[in-house]
2 protein chains.
Amino acid sequence: MDANRDALLVQLDQQLCFKLYAASRLMVKAYRPLLDDMGITYPQYLVLMVLWESESALTVGDLGERLILDSGTLTPLLKRMELNGLLRRQRSDEDERQVRVSVTKAGKALQVKAIDWVKRSSSQLHSEDLDVAALQTQLKGLLKMLG
Amino acid sequence: MDANRDALLVQLDQQLCFKLYAASRLMVKAYRPLLDDMGITYPQYLVLMVLWESESALTVGDLGERLILDSGTLTPLLKRMELNGLLRRQRSDEDERQVRVSVTKAGKALQVKAIDWVKRSSSQLHSEDLDVAALQTQLKGLLKMLG
DNA sequence: TCATTTTACATTGTGCACAATATAATTGCG
DNA sequence: CGCAATTATATTGTGCACAATGTAAAATGA
């Protein structure tokens, strides 16, 4: 009957969105050892990665654009990181609306830990059911469409 | 130099985890119209999907196993849904540690809205950069490995 | 110029996530 | 049986996400 066929459309196992949601959380959980060692959370790790890549200071808006997060999320997160000595926040002189965020020595120092951990654990992500490169490509396509 | 090559390992664009994190949030955002219409959140939608599939009541543990969520997340979430009349929570008679969760008429009624919306909007998810079926297969492999 | 609009960030309030811990019921074992 | 271990859920505390709103600075333009 049609009603049964329709019901398949809202079955959990059919949902791309649920797989992404579950995979995202499980992946973050896999980072736990590193994050605990660094003394930060996953979103904070993302902020650090963006800062590590940048030569100079970035505005809150820059970070938000890169991480797809708004000031409601970033402002308190950055304040916590500043409190922990990982970065500096200072109002821009040219444009007082902007807040310029720059990584401190302590924040930069964590990059070594991260690199070391990634080197040691990247080999874990292998199985016959999984082609990581293909998955990344597919996700890039999805993000392009959703963004 | 080696330090520069190492730095690539912690670049945002290289991170499978970030792509999953971003894609997950953007996908949930795409469900906003449906969720607003149903008057629920995405995690609540997931709970409803599991309940819709089940003939009988499920325990909190059953839901947690299916959604990979613990009681710290589920208990308050289920209480809110009960308050909104979408489900019932009752201590099991056989085992008083368990709480049995069952969908109400109001909760069941929302399935129609969901099916209708999915029917109308599933065609949106198409582009040349994206093979949804392949992505689902890859994610299933990833989840199997992470789970 | 100066009022209007836009922009950048901050604040508030709600609802997850999840680690850690607590509590009470059930199970297992000597 | 009696009690230690296990199990199922609840509670507490912290930190995101994000919608909605506030605020002040900068850009715009008649």
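Per chain, numbering begins at 1; letters A, B, ... match sequence-line order. The basis for the numbers below is simple: all heavy atoms, side chains too, and nothing from hydrogens, waters or symmetry mates.
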For this session: May I ask you to say whether B:Asp116 pairs ionically with B:Arg120, meaning some side-chain N is under 4.0 Å from a carboxylate O?
Result: yes
Exercise. Does A:Asp93 pair with A:Arg100 as a salt bridge, N-O distance under 4.0 Å?
Worked result: no
For this session: Just report the end-to-end axis angle for the helix from C:dT1-D:dA30 to C:dG30-D:dC1, five pairs per end, to 10 degrees.
Result: 10°
Problem set entry | Side-chain donor/acceptor contact of B:Arg97 with base of D:dT7 under 3.5 Å | yes
Exercise. Considering residues at least two apart in sequence or located in another chain, which fulfil the side chain to side chain donor-acceptor pair (under 3.5 Å) criterion with B:Glu82?
Worked result: B:Arg89
Exercise. Starting at CG of B:Leu83 and ending at P of C:dT14, how long is that distance when rounded to a whole Å?
Worked result: 14 Å
Exercise. In whole Å, what is the span from the CD atom of A:Glu65 to the P atom of C:dT7?
Worked result: 13 Å
Closest listed nucleotide, where the reference is the side chain of [X] and the choices are [options]:
{"X": "A:Glu96", "options": "D:dT9, C:dA25, D:dA26", "result": "D:dA26"}
{"X": "B:Asp95", "options": "D:dT9, C:dC16, C:dA25", "result": "C:dA25"}
{"X": "A:Val99", "options": "C:dG15, C:dA10, D:dA17", "result": "C:dA10"}
{"X": "B:Pro43", "options": "D:dA19, D:dA10, C:dC16", "result": "C:dC16"}
{"X": "B:Ser71", "options": "D:dG15, D:dC18, D:dT9", "result": "D:dT9"}
{"X": "B:Gln98", "options": "D:dA8, C:dC9, D:dA19", "result": "D:dA8"}

Problem set entry | Backbone of A:Arg91 reached by a side-chain donor or acceptor of A:Glu96 within 3.5 Å | no
For this session: Determine yes or no for a side-chain-to-main-chain donor-acceptor pair under 3.5 angstrom, with A:Thr104 supplying the side chain and A:Gly107 the backbone.
Result: yes
[N] OP1/OP2 closer than 4.0 Å to side-chain N/O of [X]:
{"X": "B:Thr41", "N": "C:dG15", "answer": "no"}
{"X": "B:Thr75", "N": "D:dA10", "answer": "yes"}
{"X": "A:Arg89", "N": "C:dA10", "answer": "yes"}
{"X": "A:Gln44", "N": "D:dC16", "answer": "yes"}
{"X": "B:Arg91", "N": "D:dT9", "answer": "no"}
{"X": "A:Arg80", "N": "D:dC16", "answer": "yes"}
{"X": "B:Tyr42", "N": "D:dA17", "answer": "no"}

For this session: Between B:Leu74 and B:Leu26, just flag the one whose closest nucleotide in DNA chain D comes earlier from the 5' side.
Result: B:Leu74
Seminar exercise, completed: Between B:Lys29 and B:Lys79, whichever has its closest DNA chain D nucleotide further toward 5' is B:Lys79
For this session: Check the pair B:Tyr31 / A:Gln15 against side-chain hydrogen bond (donor to acceptor under 3.5 Å, both in side chains), numbers first and verdict last.
Result: CA-CA 12 Å; B:Tyr31 276 79; A:Gln15 307 298 312; 3.2 Å; yes
Exercise. Under 4.0 angstrom, heavy atoms only, what part of the nucleic acid is B:Gly72 near: base, sugar-phosphate, or nothing?
Worked result: base
For this session: Name the nucleic acid region contacted by A:Arg32, choosing base, sugar-phosphate or nothing; use a 4.0 angstrom heavy-atom cut-off, strictly under.
Result: sugar-phosphate
Exercise. Which sits closer to the 5' end of DNA chain C, B:Glu94 or A:Thr73, going by the nucleotide each is nearest to?
Worked result: A:Thr73
For this session: Would you indicate whether B:Glu65, at its atom CD, is surrounded by more than 12 heavy atoms from other residues, nucleotides or ligands within a distance under 6.0 Å?
Result: no
Problem set entry | Working for side-chain contact (heavy atoms from CB on, under 4.5 Å), residues B:Leu46 and A:Leu12 | CA-CA 7 Å; B:Leu46 295 178; A:Leu12 191 66; 3.7 Å; yes
